[in-house]
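In what follows, every chain begins at residue 1, and chains take the letters A, B, ... in the order their sequences are listed.
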Number of protein chains: 2
Amino acid sequence: MRLEPQYKKLLNNALEGSGQRATKQREHIFALLLEKRDHPTADEVYARARADMPTISLATVYNCLETLVETKLIRQVNFEREPTRYCPNLTQHAHFYCRESGEIVDIELSDQLVDELMKVLPKGFSAQHIDIAYDGKCNCCS
Amino acid sequence: MRLEPQYKKLLNNALEGSGQRATKQREHIFALLLEKRDHPTADEVYARARADMPTISLATVYNCLETLVETKLIRQVNFEREPTRYCPNLTQHAHFYCRESGEIVDIELSDQLVDELMKVLPKGFSAQHIDIAYDGKCNCCS
DNA sequence: ACAAAAATTAGAATTATTCCAATTATGGCT
DNA sequence: AGCCATAATTGGAATAATTCTAATTTTTGT
Ligand SMILES: [Mn+2]
Ligand SMILES: [Mn+2]
Ligand SMILES: [Zn+2]
Ligand SMILES: [Zn+2]
């Protein structure tokens, strides 16, 4: 697993921009998130990370994920009280949680739809972010 | 604090419908949620409940809230990993979380908008529920 | 290479929630 | 009303995701 130069640059810029250092661990975790573009929990990230970097600690996994979220290179995704998941897809999208398989699927959202959602806010309200979570049955399970 | 007859009937029907019993505690908690229609955490519900029923336990508060959610008399609301909140507003609505004040405000949603959100799902996906959470600054704080 | 600052690490601490086993309350039936 | 079976409540222990802490290691600029 190797971080492509374009993403390496992205990572370095983002870190530098927020006064943080580039480390093996941060690079490794960013790379593994980009490799399999799903929505792993911290524990799953930890398991994947150890495959190539057996000495990394769970605390570091949490730290790295936090850094990546802060620098907006990945997103955090929560469903109810389940463990937080991490998403490397930075395009505007919602999440669909399949109750059958547990799978989480990205749902693309048009600017127009997001605009409409913003417009229903009462006067004086301004949102930086809208979180949209569907839950039901995905195509594979119906 | 007294549960109005209409709501008492609603509660009893819902409980009966799912083979559960009517208890003082369940009624009390339903009543206090209806009285102040905000979005308290279990701890806050516990605090309010003890004002009139000092012997109620936190476990019971959790149990009652779970029962009310199961019977669809209230909704659960989650923001990130914060403690779960409970909402007695059963109309179709989203939640706006103010980062400044911590306040949670209901945002009404038209059927039409929800319809549009359903329509963006890929073929084969069916959602039972959409959870929409805004976060930003509310009118009071801007 | 050196020093200062930041990151990593292992393990302890925290905290919301769930579980457990004992006690008490409810509702149907006589 | 009294009895019984069943369900609910209770206090405290257990759980689990995440955060904190203090020691060690790594990075970066000089
Ligand atoms: Mn995603
Ligand atoms: Mn609400
Ligand atoms: Zn599925
Ligand atoms: Zn506000």
Side-chain angles (χ1 to χ4, degrees), chain A residues 8 11-32 39-50 52-71 73-74 76-86 102, chain B residues 3 8 11-32 39-50 52-71 73-74 76-86 102 104:
Chain A
K8 184 149 183 172
L11 174 62
N12 287 337
N13 289 343
L15 290 173
E16 191 166 356
S18 68
Q20 306 197 74
R21 291 173 178 174
T23 66
K24 288 192 281 301
Q25 289 87 347
R26 284 170 177 167
E27 189 173 317
H28 184 52
I29 285 180
F30 189 41
L32 72 82
H39 299 87
T41 62
D43 265 334
E44 286 163 355
V45 172
Y46 182 41
R48 291 182 201 173
R50 277 198 293 185
D52 291 316
M53 188 182 274
T55 60
I56 196 172
S57 73
L58 180 57
T60 296
V61 169
Y62 272 104
N63 291 339
C64 291
L65 289 170
E66 187 185 25
T67 297
L68 293 172
V69 170
E70 273 173 7
T71 54
L73 294 169
I74 64 174
Q76 261 177 322
V77 182
N78 288 285
F79 281 96
E80 320 258 303
R81 296 235 95 231
E82 290 184 16
T84 297
R85 295 169 174 278
Y86 298 86
Chain B
L3 192 54
K8 184 150 183 171
L11 174 62
N12 287 336
N13 288 344
L15 289 172
E16 191 165 355
S18 69
Q20 307 196 72
R21 290 174 179 174
T23 66
K24 289 191 279 304
Q25 290 85 348
R26 284 171 177 167
E27 189 174 317
H28 183 52
I29 285 180
F30 189 41
L32 72 82
H39 299 86
T41 62
D43 265 335
E44 286 163 356
V45 171
Y46 182 40
R48 291 182 200 173
R50 277 198 294 185
D52 291 316
M53 188 182 272
T55 59
I56 196 172
S57 74
L58 180 58
T60 296
V61 169
Y62 273 104
N63 290 340
C64 291
L65 290 170
E66 187 184 25
T67 297
L68 293 173
V69 169
E70 273 173 7
T71 55
L73 294 170
I74 64 173
Q76 261 177 322
V77 182
N78 288 285
F79 282 95
E80 321 260 303
R81 297 234 94 229
E82 289 183 17
T84 296
R85 295 168 174 279
Y86 298 86
I104 291 173

Exam field: side chain R26(B) to backbone R21(B), donor-acceptor pair closer than 3.5 Å: yes
Using whole Å, what does the distance between atom P of nucleotide dT15(C) and atom OH of Y46(B) come to? 17 Å
Using whole Å, what does the distance between atom C1' of nucleotide dT18(C) and atom CD of E70(B) come to? 14 Å
Rounded to whole Å, the CG-C1' distance (L68(B) to dT9(D)) equals 15 Å
What nucleic acid atoms does T60(B) come within less than 4.0 Å of, heavy atoms only: base, sugar-phosphate, or nothing? base
Rounded to whole angstrom units, what separation is found between the CG atom of D43(A) and the P atom of dT19(D)? 13 Å
Listed nucleotide nearest any side-chain atom of K24(A), set dT10(D), dT27(D), dT18(C): dT27(D)
Measure from the side-chain heavy atoms of A59(B) and tell me the nearest of dG11(D), dA16(C), dG27(C). dG11(D)
Answer yes or no: is there a donor N or O on one side and an acceptor on the other, between the side chain of R81(A) and the main chain of R81(B), under 3.5 Å? yes
Can you tell me which nucleotide in dA25(C), dT26(D), dT9(D) comes closest to the side chain of R21(A)? dT26(D)
Report the distance from atom CD of E80(B) to atom OG1 of T84(A), rounding to the nearest 0.5 Å. 8.0 Å
Please say whether the positively charged group of R50(A), taken as NZ for Lys or CZ for Arg, lies over the ring of Y46(A), i.e. under 6.0 angstrom from the six-membered ring centre and within 45 degrees of the axis. yes
Can you see if the side chain of T41(B) gets near the phosphate of dA16(C) - specifically, an N or O under 4.0 Å from OP1 or OP2? no
note: E80(B), atom CD; dA17(D), atom P; distance rounded to Å ~ 18 Å
Nearest-Å distance for atom pair CG/P, residues L58(A) and dA12(C): 15 Å
Of the nucleotides dA17(D), dT9(C), dG11(D), which has the atom closest to the S57(A) side chain? dT9(C)
Within this structure, what is the NE2-CZ distance for the pair H28(A) and R48(A), rounded to the nearest 0.5 Å? 11.0 Å
Does the E44(A) side chain pair with the main chain of T41(A), one donor and one acceptor, at a distance under 3.5 Å? yes
Hey, is the side chain of Q20(B) poking within less than 4.0 Å of OP1 or OP2 on dA8(D), counting only N and O atoms? yes
d(CD1, I56(B); P, dT24(C)) in whole Å: 17 Å
Kindly compute the distance separating CG (L32(A)) from OH (Y86(A)), expressed to the nearest 0.5 Å. 13.0 Å
Just how far, in rounded Å, is C1' of dG27(C) from CD of E27(B)? 16 Å
Residue whose nearest DNA chain C nucleotide is more 5′ - Q25(B) or T84(B): T84(B)
Tell whether R81(B) reaches the base of dA16(C) with its side chain through a donor-acceptor pair below 3.5 angstrom. no
Terminal helix-axis angle for the helix from dA1(C)-dT30(D) to dT30(C)-dA1(D), with five pairs defining each axis and rounding to 10 degrees: 30°
Name the closest nucleotide to the Y62(A) side chain, picking from dT9(D), dT17(C), dT19(D). dT19(D)
Atom pair CD1/CG of I29(A) and L68(A) - distance to nearest 0.5 Å: 7.5 Å
